[in-house]
Amino acid sequence: MESLVARAGWWLAALLVAVFMFANAQDAPFAVHMAVFALAALAGLVLSLRNTDYKLAAAGKKPAADQGRYDDDLIRAGVILTTFWGCVGFLVGLYIALQLAFPALNLGFEYTTFGRLRPLHTSAVIFAFGGTALIATSFYIVQRTCRARLALPGVAKFVFWGYQLFIVLAATGYVLGVSQGKEYAEPEWYVDLWLTIVWVAYLAVFVGTIMKRKEPHIYVANWFFLSFILTVAMLHLVNNVNLPVSLFGSLSYPLWAGVQGALVQWWYGHNAVGFFLTAGFLAMMYYFVPKQAERPIFSYRLSIVHFWALIFLYIWAGPHHLHYTALPDWAQTLGMVFSIMLWMPSWGGMINGLMTLNGAWDKVRTDPIIRMMVMSIAFYGMSTFEGPMMSIKSVNSLSHYTDWTIGHVHSGALGWNGMITFSAIYFLVPRLWGRERMYSQRMINWHFWLATIGIVFYAASMWVAGITQGLMWREYGADNYLVNSFAETVAALHPMYLARAFGGILYLSGALIMAYNVWMTVAGKLRQELPMRQAEYNPDADRPLVATPAE
């Protein structure tokens, strides 16, 4: 009974604090967010009371935990929400891409402008889609590789649902115009504070599970997950040191200002890419690729070298975002040098992932999930070559502030992060719901080709657009004046923006097919279709009509 009272007391206290903050709110967005907090606390209180066995509570006993299986309820919810957030993020991305081609789609409302929807898109894809996938897969992988259930199951639930609350608060804040104006760090101070609490709890659950492991060895995927959790916590705390104007308002001012603020922001921004979008997803690669291929990782020693080299070098690369600015030249050069060195461990990881398929390359033809994994690793290799190249000052003078950067980011995000997440979902769904396989292997194949062609249209159009911009911006006439106005540059990009939107339509279509496939698999349906195997084509088709002398 004491534990019930304590849980209910925490939820009730959170509800009362949220109501008090709502009543004293000094601006409308803050009031909306406090109302969201209050509703979340009320839902937690109601669910806590409804899910309690009062007979056991009255006797002072706790319900017996099922130690005979892994704790997969949160992972199932994570797979569903990852699929949902992915579709939402891609849809908003397509809409803002169309806004750039057709500005009338801003609709004249402040809530639907590109400036409000663009951070909504980036956060929906990175933090909602990617972050939910990372939490779900980390909970799945750490249990299997440690042969132990999640430590602190109640805290694990708080982590998962608390993170979903963070997503809702961030998304509604962008639409309402509440933003710090920092790339990948737009939420205001009170949302940042909430995420800090959730993230510390996440670290406790993950480390606690590793500490109670029955497997003496800590598999390399858990090393990558742990570096992702720890480094993101450090980045978040340092970059978001803000002083609120009022405890009852949404506005705050950062402690860092001027060139120091820019350096801290891009130390955070680049390492958010390095540890959120790279280290965490590499953990997924190191677990799911060997499992799906049914082959051991090519070189475990190389995976450890990959880990230590990557986390040491990545943390220094942020200044390459500030070439030709007020940042001291030595700091710019430092960022460039470490960015170039990053190419080596990154390609070490790519080679390790691809070489895992030694002796199993035939599965690329017959297994669309393996095909998707291989494509994701290929995009990881391409992006981690392009990134160091773009950090070189002479290249950066052409590429920076142009759509080339947008193409680079999306080839990595859609190709690497998206593809490895899709393949992880396809791996997990049949196992989590006890199904023979996905509802349709053919739909996975369709998803693969739609996503791949969509990425090609997106990245190629932005590469062309970016180089076009860079060259037009630096073109001088005989009188030493710029030849092209900014408006002329924008007009020249219109065909490329249309091609990008077309690529977005293809990528979104693939995600919607995945959502349908997941839905039908969870429902227990199985589509009757021919298996994807070599026997489906005629092996004699490639033989010459006339016998060769060897025959």
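- Defined by atom type and a distance below 3.5 Å, a donor-acceptor pair is missing between the side-chain atoms of Q143 and T209.
- Of the inter-residue distances, the one linking L45 atom CG with L15 atom CG reads 7.0 Å to the nearest 0.5 angstrom.
- Here CZ of F338 is found 11.0 Å from CD1 of I315. Values are rounded to the nearest 0.5 Å.
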For this session: Take V238 and W256, measure what side chain to side chain contact (heavy atoms under 4.5 Å, CB included) needs, and give me the verdict at the end.
Result: CA-CA 9 Å; V238 174; W256 318 108; 4.2 Å; yes

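- Inspection of the D403 and Y497 side chains reveals an N or O donor paired with an N or O acceptor under 3.5 Å.
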Exercise. Checking side-chain hydrogen bond (donor to acceptor under 3.5 Å, both in side chains) for the pair S252/E188: CA distance, chi angles, key distance, verdict?
Worked result: CA-CA 7 Å; S252 67; E188 267 291 359; 2.5 Å; yes

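- Taking the six-membered ring for Trp and the full ring otherwise, W199 and F206 have centroids separated by 6.0 Å or more.
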Problem set entry | Stepwise side chain to side chain contact (heavy atoms under 4.5 Å, CB included) check, L195 with V191 | CA-CA 6 Å; L195 180 60; V191 183; 5.8 Å; no

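- Centroid-to-centroid, the aromatic rings of Y516 and W519 stay 6.0 Å apart or farther.
- For Y314 and H270, the distance between ring centers is under 6.0 angstrom.
- Ring centroids of F90 and F129 are separated by less than 6.0 Å, placing the two rings close together.
- Taking both residues in full, the closest heavy atoms of V395 and M389 are given as CB-O, 3.5 Å, listed atom of the first, atom of the second, then distance.
- For the 3.5 Å distance criterion, the side chains of Q164 and T132 qualify, holding a donor opposite an acceptor.
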Problem set entry | Worked verdict on T333 versus K393 for side chain to side chain contact (heavy atoms under 4.5 Å, CB included) | CA-CA 8 Å; T333 303; K393 286 187 177 182; 3.4 Å; yes

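- Ring pair W194/F37: centre-to-centre distance below 6.0 Å.
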For this session: With salt bridge (charged side-chain N to carboxylate O under 4.0 Å, His left out) as the test, would you mind laying out the steps for D71 and K157 before giving the verdict?
Result: CA-CA 11 Å; D71 188 358; K157 290 180 182 177; over 6 Å; no

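- Sorted by first then second residue, the ring-ring contact (aromatic ring centres under 6.0 Å, His included) pairs that include residues 93-119, not counting sequence neighbours, are F102-H494.
- With hydrogens and angles left out, the side-chain atoms of T489 and N484 include no donor and acceptor closer than 3.5 Å.
- Checking Y426 against H447 by side-chain atom types alone, a donor-acceptor pair falls below 3.5 Å.
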For this session: Step by step, work out the side chain to side chain contact (heavy atoms under 4.5 Å, CB included) result for Y380 and I420.
Result: CA-CA 10 Å; Y380 171 63; I420 196 68; over 6 Å; no

For this session: Take F30 and Y190 through the test ring-ring contact (aromatic ring centres under 6.0 Å, His included) and record every step on the way to the result.
Result: CA-CA 9 Å; F30 189 83; Y190 52 94; 5.1 Å; yes

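- Residues L134 and F225 have side chains in contact (heavy-atom distance under 4.5 Å, counting atoms from C-beta outward).
- Distance CZ/F502 to CG/L506: 4.0 Å, rounded to 0.5 Å.
- Between the side chains of S397 and H323, no donor-acceptor pair of N or O atoms lies under 3.5 Å.
- Going from atom OH of Y202 over to atom CZ of F228 covers 4.5 Å, rounded to the nearest 0.5 Å.
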